[in-house]
Undergrad: 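Just passing along the structure, written as structure tokens.
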Protein chains: 2
Amino acid sequence: MYSIQEVCSKTGLSAHTLRYYEKEGLLTNVSRSSGGFRQYSDEDLEWLGLICCLKNTGMPLQEIARFVQLAHQGNSTLRERVGLLKDHREKLISRMEEMQRYLDKITWKVDFFSAKLREYEQTL
Amino acid sequence: MYSIQEVCSKTGLSAHTLRYYEKEGLLTNVSRSSGGFRQYSDEDLEWLGLICCLKNTGMPLQEIARFVQLAHQGNSTLRERVGLLKDHREKLISRMEEMQRYLDKITWKVDFFSAKLREYEQTL
DNA sequence: CTCTGTATTAAAGTTTACTCAAAGTTTAGT
DNA sequence: ACTAAACTTTGAGTAAACTTTAATACAGAG
């Protein structure tokens, strides 16, 4: 079991954010010490790994919360969960292709301006 | 020369947003008709292309405005502009690598849950 | 002459994802 | 037992990038 600070350093999320995620239903059933302090399990950490993965690839927190909620309802929601993940995966692939095109454009610009810079510095 | 609506359909930005960008200094010196209507040139469209490219790859509008401002100051700012673009390019590449790792994780999850779904549907 | 589109400014509202403050409680170390 | 550090809660505040509203007025087409 890990304290909130340990989870902060493991995940890079702030304690504020961890509590916020819990309040928003992204992470549920985090156990507590006798005094009421949060105690995160390894399973919680795995969930956080998935949450960060989805969040950092652009899924809104609401949709992640929905996924978590479905997971809690057991196998009958497997189809919907697979659907959600597949949709997200497709969108991510499109976005990555878009990013690649933008990267190419930026690379072109960098090269263009670098050449222009060398030219300009000759004239000094 | 293009009207604001033509530029909307060409870029996918709203008229509000185009005026907003102008106010924020992202697009400057847009010319006007005798009646005061905006008339966008091909050069303006190219600028908008770059603006969207930078924006959609995560550059904050403020930084884009800074870049535009530098461009207006001429060749003496070439070095700084190249630096800005190169920095952005490096960040973008890192982000794309991160996305690839996340994509792999999601693909793994999709496969895992798909298998679980087939298993579950057998039991029905 | 009317209708639709566009113009202005300025301010308020929206959404997402946090982030902070206050005030009290629990834990760990000595 | 004492104390400092860590933790709790609730509710308010923040930032970015728009989006909307409002009030008023000019432009160009039919």
Undergrad: Could you walk me through whether A:K109 and B:E46 satisfy the salt bridge (Lys or Arg N to Asp or Glu O under 4.0 Å) test, starting with their C-alpha distance in whole Å, then the side-chain angles of each, then the deciding distance to 0.1 Å, before giving a yes or no?
TA: CA-CA 12 Å; A:K109 283 273 172 190; B:E46 271 180 52; 5.7 Å; no
Undergrad: Any salt bridge between A:K116 and A:E121, counting N to O under 4.0 Å?
TA: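 Looking at A:E121 together with A:K116, the answer is no, because their closest N to O distance does not fall below 4.0 Å.
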Undergrad: Thinking salt bridges, do A:E90 and A:R95 make one under a 4.0 Å N-O criterion?
TA: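 No.
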Undergrad: Between the side chains of A:D44 and A:S41, does any donor sit under 3.5 Å from an acceptor?
TA: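 On atom types as modelled, these side chains qualify, holding a pair under 3.5 Å.
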Undergrad: What string of B, S and - do you get for nucleotides 6-21 of chain C, 5' to 3', if B is base contact, S is sugar-phosphate-only contact and - is no contact with any protein heavy atom under 4.0 Å?
TA: SSS--------BBBB-
Undergrad: Is the NZ atom of B:K55 crowded by more than 12 outside heavy atoms at less than 6.0 Å?
TA: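 Yes - once you tally the heavy atoms of other residues, nucleotides and ligands closer than 6.0 Å, there are more than 12.
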Undergrad: When you measure from every atom of DNA chain C, which of residues 40-50 of chain A have a heavy atom less than 4.0 Å away?
TA: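 Per residue number, the list is empty: none.
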Undergrad: Strictly below 4.0 Å: does A:S33 bring a side-chain N or O up to OP1 or OP2 of D:dA6?
TA: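 No, outside the criterion.
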Undergrad: Which value, rounded to the nearest 0.5 Å, describes the distance between A:Y40 atom OH and A:K10 atom NZ?
TA: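 One finds 13.5 Å between OH of A:Y40 and NZ of A:K10.
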Undergrad: Side chains of B:R89 and A:T107: do they bring a donor and an acceptor to under 3.5 Å?
TA: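 Per modelled atom types, B:R89 and A:T107 side chains form a pair under 3.5 Å.
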Undergrad: Answer with yes or no whether the side chains of B:Y2 and B:D42 bring together a donor and an acceptor at under 3.5 Å.
TA: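 Yes, because at least one side-chain N or O of B:D42 sits under 3.5 Å from a partner of the opposite role on B:Y2.
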